[in-house]
Colleague: 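Take a look at the following structure, please.
Note that the structure is predicted; figures quoted are calculated from it, not measured.
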Amino acid sequence: LTEIKNTIYGIYSTDAINVIANTTNALEELFRENKIEIRRVKIDIENAQVLITNHELADILDNCLRNSVRALSNKSKRLIEISVYRSAPKIHIDIKDNGCGIAQERWEKVFESGYSEHGGTGTGLFQAWEILKKYGGRLYIKESQLGIGTTFTIDLNAGEKK
């Protein structure tokens, strides 16, 4: 059983900090065009290995960040903050924006297939939620206030260094 666990963790462990850096760098032009400031706060935790593949985590981050960009479209000051912290056995990634916010009665609805607040396809958050579920992780709205902003949290199981 230990051998199977070590094999699985070896294949699916990902450095969350590295994926965040690569994803935000890939979206740099989008942020610049939309005059959005990106702040990486509290991301200096040691060993931020998480149990998910690089590309799946990058896809989830990309979707959450693009949703934040859309939520910021009517704001003059545009800010997205990304933080990573540990609460064993989980590692949490918060993506916080100062956008339009989401009414509390729609917090669960945004994860339904086909639902979109800003004219998107309505598949991104649903797919992210499904991917995280297979790794024992989850995606949820930590907090949101209309006109003030939203914080999405990605919870992942800690992985192991390769």
Colleague: Just do the side chain to side chain donor-acceptor pair (under 3.5 Å) check on Asn67 and Arg70 with the steps written out, would you?
Modeller: CA-CA 5 Å; Asn67 285 345; Arg70 283 191 288 279; 2.5 Å; yes

Colleague: How about CD on Glu33, more than 12 heavy atoms from neighbouring residues, nucleotides or ligands closer than 6.0 Å, or not?
Modeller: yes

Colleague: Drop me the distance from Thr153's OG1 to Tyr140's OH, to the nearest 0.5 angstrom.
Modeller: 4.0 Å

Colleague: Counting C-beta onward and ignoring hydrogens, is there a side-chain heavy-atom pair between Ile60 and Ile52 closer than 4.5 Å?
Modeller: yes

Colleague: With a sphere of 6.0 Å drawn around CG of Asn25, does it hold more than 12 non-hydrogen atoms of other residues, nucleotides or ligands?
Modeller: yes

Colleague: Are Leu146 and Ile148 connected in a single hydrophobic cluster, I mean Ile/Leu/Val/Met/Phe/Trp/Tyr linked by side-chain heavy atoms less than 4.5 Å apart?
Modeller: no

Colleague: I need the Leu61 CG to Thr24 OG1 distance, nearest 0.5 Å.
Modeller: 9.0 Å

Colleague: Let me check something: do Tyr12 and Ile20 share a hydrophobic cluster, defined by ILVMFWY side-chain heavy atoms less than 4.5 Å apart, either directly or through other members?
Modeller: yes

Colleague: Only one of Asn157, Ile154, Asp155 forms a side chain to side chain contact (heavy atoms under 4.5 Å, CB included) with Leu132, so which one is it?
Modeller: Ile154

Colleague: Looking at Glu130, I want to see if its CD is surrounded by more than 12 non-hydrogen atoms of other residues, nucleotides or ligands under 6.0 Å.
Modeller: yes

Colleague: Side-chain contact, heavy-atom cut-off 4.5 Å: Arg39 with Ile82?
Modeller: no

Colleague: If you draw a 6.0 Å radius around CD in Glu37, do more than 12 non-hydrogen atoms from other residues or ligands fall strictly inside?
Modeller: yes

Colleague: At what distance, to the nearest 0.5 angstrom, does CG of Asn98 lie from CG of Leu79?
Modeller: 5.5 Å

Colleague: Would you say Ile141 ends up clustered with Leu65 if hydrophobic residues are merged whenever their side chains have heavy atoms under 4.5 Å apart, either directly or through other cluster members?
Modeller: yes

Colleague: Answer yes or no: is there a side-chain heavy-atom contact under 4.5 Å between Glu28 and Ile38?
Modeller: no

Colleague: Give a yes or no answer on whether the side chain of Asp97 reaches the backbone of Gly99 with a donor-acceptor pair at less than 3.5 Å.
Modeller: yes

Colleague: Could you state the interatomic distance from CZ (Arg78) to CG (Asn34), rounded to the nearest 0.5 Å?
Modeller: 6.0 Å

Colleague: Take Asp62 and Thr23 through the test side chain to side chain donor-acceptor pair (under 3.5 Å) and record every step on the way to the result.
Modeller: CA-CA 6 Å; Asp62 181 89; Thr23 305; over 6 Å; no

Colleague: Quick one, Leu156 and Leu51 - any side-chain contact, counting heavy atoms below 4.5 Å?
Modeller: no

Colleague: Could you note down all residue pairs passing salt bridge (Lys or Arg N to Asp or Glu O under 4.0 Å) where residues 82-95 supplies at least one of them, sequence neighbours left out?
Modeller: Asp94-Lys142

Colleague: Can you list, pair by pair, the side-chain donor-acceptor contacts under 3.5 Å of residues 100-107, counting residues two or more places apart and other chains?
Modeller:
from	atom 1	to	atom 2	distance (Å)
Arg106	NE	Tyr115	OH	3.1
Arg106	NE	Glu117	OE2	2.5
Arg106	NH2	Glu117	OE1	2.9
Arg106	NH2	Glu117	OE2	3.3
Trp107	NE1	Ile102	O	3.0

Colleague: Among the clusters formed by ILVMFWY side chains lying less than 4.5 Å apart, do Val19 and Tyr85 turn up in the same one?
Modeller: no

Colleague: Between Leu139 and Cys64, is there a side-chain heavy-atom distance shorter than 4.5 Å?
Modeller: yes

Colleague: Roughly how far, to the nearest 0.5 Å, is the CD1 atom of Ile131 from the CH2 atom of Trp129?
Modeller: 12.5 Å

Colleague: If I take atom OG from residue Ser13 and atom CG from residue Asn54, how far apart are they, to the nearest 0.5 angstrom?
Modeller: 10.0 Å

Colleague: Over all heavy atoms of both residues, which pair between Ser87 and His92 is shortest? Give the atoms and the distance, please.
Modeller: CB-NE2, 3.2 Å

Colleague: State, to 0.1 Å, how close Leu57 and Ile93 come at their nearest heavy-atom pair, and which atoms those are.
Modeller: CD1-CD1, 4.2 Å

Colleague: Using atom types as modelled and distance alone, determine if a side-chain donor or acceptor of Thr151 lies under 3.5 Å from a backbone N or O of Lys96.
Modeller: no

Colleague: Quick check on the hydrophobic clustering: are Ile95 and Phe31 connected, directly or via other members, by side-chain heavy-atom contacts under 4.5 Å?
Modeller: yes

Colleague: Step by step, work out the side-chain contact (heavy atoms from CB on, under 4.5 Å) result for Arg66 and Leu27.
Modeller: CA-CA 9 Å; Arg66 287 179 186 275; Leu27 295 172; 3.2 Å; yes

